[in-house]
K.L.:
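Submitted below is the structure of interest, expressed as structure tokens.
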Amino acid sequence: MAELFKNIYNQKFFDTFTNTLSQIKPDFDKKSFLECIYDNEWTKRELKQRMRHISIVLKNHLSENFEINIDTILRLIHQFEEDGIKENSIEFMFLSDFIELYGVENYNESIKAFERVTQFTSCEFAVRPFIIKYETKMINQMEVWSKHKHHMVRRLATEGCRPRLPWAMAIPSLKNNPNPIIPILERLKNDTSETVRRSVANNLNDISKDNPNTVIKLVKNWQGKTTETDWVIKHACRTLLKQGDLNVLKLFGFGSVEEIKINNLKTITPKVKIGTFLEFTFNIENTSDLASKIRLEYGIYYQKANGTLSKKVFKISEKEYPKNSTTIINRKQSFKIITTRKFHLGKHQLSIIINGKEFNKVDFELIE
């Protein structure tokens with residue numbers, strides 16, 4: 001089995017961290033720090049819980065003064081970079097969590113720190129309580145960040161204000177009304193960094209779940225202007241495309257499915273053992289005298305603990321199918337054990353989806 005991601009916090013990591021911190025802060029009590037880290041609950045904690053635990057233990061081994069602690073953190077980051085530790089080091093996200101946890105009443109110092117820390121490790125989770133508490137000031141600050149020379153600061157400007165950022169607290173006001181952040185997305189839609197453009201697309205995808213018309217309006221305004229923006233709006237509309245939104249399907253050239261047929265849908269493995277694959281096949285027929293652009297997907301209805309089924313959609317392809325054609329499709333879906341999904345034995349279902357419309361559905365069983 002693959003190593004659990006939470007185990008990035010291992011002896012090697014803590015040796016590196018504590019040795020560097022000891023250089024910055026000679027009175028740092030390394031022995032006490034590690035004893036507090038490896039408490040009775042350590043092995044039970046998941047990744048974000050470990051990050052928060054490290055933040056708390058770190059605070060207990062630093063000063064009572066927030067500004068002094070921020071100075072220590074910034075000096076730490078400088079030393080890590082001097083030692084060759086690269087930016088985007090996710091294991092150091094507890095440094096931004098530290099600011100989230102202890103800096104919300106120290107706005108000015110925290111904002112300056114975020115701008116520097118995000119160039120080393122991500123701060124999009126940490127800024128969200130600040131947006132909720134100081135929304136107008138923070139949106140204005142993010143507009144300033146959107147013009148920053150460093151791409152990770154520009155990314156923070158859009159990633160931090162996503163209304164529904166996964167694994168983070170939502171921002172209810174922006175779910176209700178995303179208009180305050182639209183100028184930020186407008187400015188960054190053609191950013192020179194692909195990382196920033198992807199963040200714009202993810203932010204718009206969040207917005208589409210509560211305010212689809214806002215996104216559709218932007219798509220119409222941005223479409224066809226640049227290659228980069230066309231990619232952004234397509235990625236931004238992935239949820240609307242999965243939902244079969246007719247307006248969005250038309251914008252991307254997907255037409256009617258009235259003359260598209262699905263035949264001979266079969267599960268080659270009607271009983272699937274955990275750790276193996278579901279194999280299935282079907283024919284897609286375009287009975288029209290015209291070629292048809294099709295977004296082809298399949299849905300897996302996973303068994304839940306309470307006996308109900310929950311659908312997850314997977315994309316097969318987007319392409320043009322010739323007129324009066326039949327195409328054989330063969331696919332596999334993995335049921336290998338992963339940390340992000342718990343499998344439950346019993347009845348599951350498979351469906352085929354064309355341009356957002358669900359067609360045939362068949363059962364299969366997941367077994368030991």
Side-chain angles (χ1 to χ4, degrees), residues 1-2 166 205 208-209 212 234-235 237-250 252-368:
M1 183 182 293
N205 185 56
S208 74
K209 297 172 184 178
K234 183 65 179 300
H235 197 57
C237 287
R238 60 191 184 273
T239 295
L240 295 175
L241 287 167
K242 282 186 177 183
Q243 292 172 346
D245 187 291
L246 294 178
N247 291 319
V248 174
L249 286 165
K250 285 182 180 179
F252 292 105
F254 300 104
S256 169
V257 296
E258 291 182 4
E259 296 186 81
I260 305 298
K261 310 293 182 187
I262 296 295
N263 293 316
N264 299 325
L265 174 60
K266 299 176 185 175
T267 53
I268 298 170
T269 53
K271 292 185 182 295
V272 181
K273 292 182 180 180
I274 288 182
T276 63
F277 295 86
L278 166 70
E279 297 185 54
F280 61 96
T281 183
F282 62 94
N283 298 342
I284 180 168
E285 297 184 22
N286 180 10
T287 63
S288 171
D289 290 332
L290 299 173
S292 182
K293 185 178 180 183
I294 289 174
R295 177 183 172 92
L296 184 61
E297 300 168 301
Y298 62 95
I300 299 292
Y301 286 80
Y302 289 97
Q303 180 80 236
K304 295 172 66 176
N306 63 5
T308 62
L309 298 177
S310 175
K311 182 171 76 170
K312 182 173 175 58
V313 175
F314 300 89
K315 183 178 171 182
I316 296 177
S317 65
E318 286 183 358
K319 67 177 187 178
E320 198 169 82
Y321 287 78
K323 64 180 182 180
N324 299 313
S325 64
T326 298
T327 304
I328 300 173
I329 306 292
N330 295 287
R331 277 293 180 276
K332 290 183 178 181
Q333 175 64 32
S334 175
F335 278 85
K336 290 185 178 180
I337 296 174
I338 55 176
T339 57
T340 54
R341 179 179 295 278
K342 181 175 177 60
F343 295 122
H344 298 279
L345 303 180
K347 174 185 172 181
H348 289 57
Q349 290 183 320
L350 162 74
S351 68
I352 306 301
I353 304 165
I354 301 176
N355 292 358
K357 181 178 179 181
E358 193 165 47
F359 280 68
N360 311 45
K361 189 185 294 184
V362 293
D363 297 341
F364 65 96
E365 186 178 358
L366 187 64
I367 61 175
E368 288 281 9

K.L.:
How long is the span from the OG1 atom in Thr281 to the CZ atom in Arg331, to the nearest 0.5 Å?
P.N.:
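Between atom OG1 of Thr281 and atom CZ of Arg331 there are 10.0 Å.
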
K.L.:
What verdict does the side chain to side chain contact (heavy atoms under 4.5 Å, CB included) test give for Glu368 and Leu345, after you've listed the backbone C-alpha separation in whole Å, the side-chain angles of each residue and the deciding distance to 0.1 Å?
P.N.:
CA-CA 7 Å; Glu368 288 281 9; Leu345 303 180; 3.6 Å; yes

K.L.:
Would you say Lys357 has more than 12 foreign heavy atoms packed within less than 6.0 Å of its NZ?
P.N.:
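Atom NZ in Lys357 is not crowded, with 12 or fewer foreign heavy atoms closer than 6.0 Å.
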
K.L.:
For residues Leu350 and Leu265, determine if any side-chain heavy atom of one lies less than 4.5 Å from a side-chain heavy atom of the other.
P.N.:
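Yes. Closest side-chain heavy atoms under 4.5 Å.
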
K.L.:
Provide the closest heavy-atom pair for Glu318 versus Leu241 in the form atom of the first, atom of the second, distance.
P.N.:
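Glu318 and Leu241 have their closest heavy atoms at OE2-CD1, 4.5 Å.
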
K.L.:
Would you check if Ile300 and Leu278 make a side-chain contact, meaning some heavy-atom pair closer than 4.5 Å?
P.N.:
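The answer is yes, as the side chains (C-beta and beyond) meet within the 4.5 Å cut-off.
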
K.L.:
To the closest 0.5 Å, what do you measure between OG1 (Thr269) and CD1 (Ile367)?
P.N.:
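Going from the OG1 atom of Thr269 to the CD1 atom of Ile367 covers 10.0 Å.
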
K.L.:
Is it true that, when you exclude Lys209 itself, more than 12 heavy atoms of the residues, nucleotides or ligands shown sit nearer than 6.0 Å to its NZ?
P.N.:
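Correct, the count exceeds 12.
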
K.L.:
Does any part of the side chain of Ile352, heavy atoms only, come nearer than 4.5 Å to the side chain of Leu296, both counted from C-beta?
P.N.:
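Yes; the side chains approach each other to less than 4.5 Å.
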
K.L.:
Where do Ser292 and Ser256 come nearest, in terms of heavy atoms and distance?
P.N.:
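Closest heavy-atom pair between Ser292 and Ser256: OG-O, 4.2 Å.
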
K.L.:
Considering only heavy atoms from C-beta outward, does the side chain of His348 approach that of Gln333 to under 4.5 Å?
P.N.:
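No; the side chains remain at least 4.5 Å from each other.
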
K.L.:
Does the side chain of Ile316 come within less than 4.5 Å of Glu297's, by heavy atoms?
P.N.:
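No, too far: nothing below the 4.5 Å cut-off.
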
K.L.:
Which atoms form the tightest heavy-atom contact between Ile353 and Gly299, and what is the distance?
P.N.:
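Here Ile353 and Gly299 meet closest at CD1-N, 4.0 Å.
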
K.L.:
Any heavy-atom pair between the side chains of Lys311 and Gln349 that's under 4.5 Å?
P.N.:
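SC-SC contact between Gln349 and Lys311 ruled out.
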
K.L.:
Kindly check if the number of other-residue, nucleotide or ligand heavy atoms within 6.0 Å of NZ (Lys361) is above 12?
P.N.:
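Buried by this count: over 12 neighbours within 6.0 Å.
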
K.L.:
For His344, which residues count as a side-chain contact (heavy atoms from CB on, under 4.5 Å) partner, sequence neighbours excluded?
P.N.:
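Per chain and number, His344 pairs via side-chain contact (heavy atoms from CB on, under 4.5 Å) with Gln303, Ala305, Lys342.
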
K.L.:
Would you mind reporting whether Ile284 and Ile354 have side-chain heavy atoms less than 4.5 Å apart?
P.N.:
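They are in side-chain contact.
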
K.L.:
Does anything in residues 263-296 pair up under ring pair (Phe, Tyr, Trp, His ring centres under 6.0 Å), and if so which pairs, sequence neighbours excluded?
P.N.:
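Every ring pair (Phe, Tyr, Trp, His ring centres under 6.0 Å) pair that includes a residue of residues 263-296, provided the two are not neighbours, is Phe280-Tyr298.
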
K.L.:
Within the side chain of Asn355, is there an N or O that forms a donor-acceptor pair under 3.5 Å with the backbone of Arg295?
P.N.:
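Present.
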
K.L.:
I'd like a table of donor-acceptor pairs (distance under 3.5 Å, sequence neighbours excluded) in which one partner is a side-chain atom from residues 321-328, with atom names and distances.
P.N.:
from	atom 1	to	atom 2	distance (Å)
Asn324	ND2	Asp289	OD1	3.1
Ser325	OG	Pro322	O	2.6

K.L.:
Taking the inter-plane angle between the rings of Phe335 and Phe343 on a 0 to 90° scale, is it parallel (under 30°), tilted (30 to 60°) or perpendicular (over 60°)?
P.N.:
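Taking Phe343 first and then Phe335, their aromatic rings sit tilted (interplane angle of 30° to 60°).
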
K.L.:
To the nearest 0.5 Å, how far apart are NZ in Lys315 and NZ in Lys242?
P.N.:
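It comes to 9.5 Å.
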
K.L.:
For Leu366 versus Lys273, what's the shortest heavy-atom pair and its separation?
P.N.:
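It is CD1-C, 4.3 Å.
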
K.L.:
Which value, rounded to the nearest 0.5 Å, describes the distance between Asp245 atom CG and Phe254 atom CZ?
P.N.:
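Atom-to-atom, Asp245:CG and Phe254:CZ are 12.5 Å apart.
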
K.L.:
Working to the nearest 0.5 angstrom, can you tell me the gap between Lys293 NZ and Leu249 CG?
P.N.:
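Lys293 atom NZ to Leu249 atom CG measures 10.0 Å (nearest 0.5 Å).
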
K.L.:
Would Lys312 pass as a cation-pi partner of Phe314, given that its NZ or CZ must be under 6.0 Å from the six-membered ring centre and within 45 degrees of the axis?
P.N.:
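Yes; both conditions hold, so Lys312 lies above the ring face of Phe314.
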
K.L.:
Can you tell me how far CG of Asn330 sits from CD1 of Ile268, rounded to the nearest 0.5 angstrom?
P.N.:
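Result: 6.0 Å between the selected atoms.
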
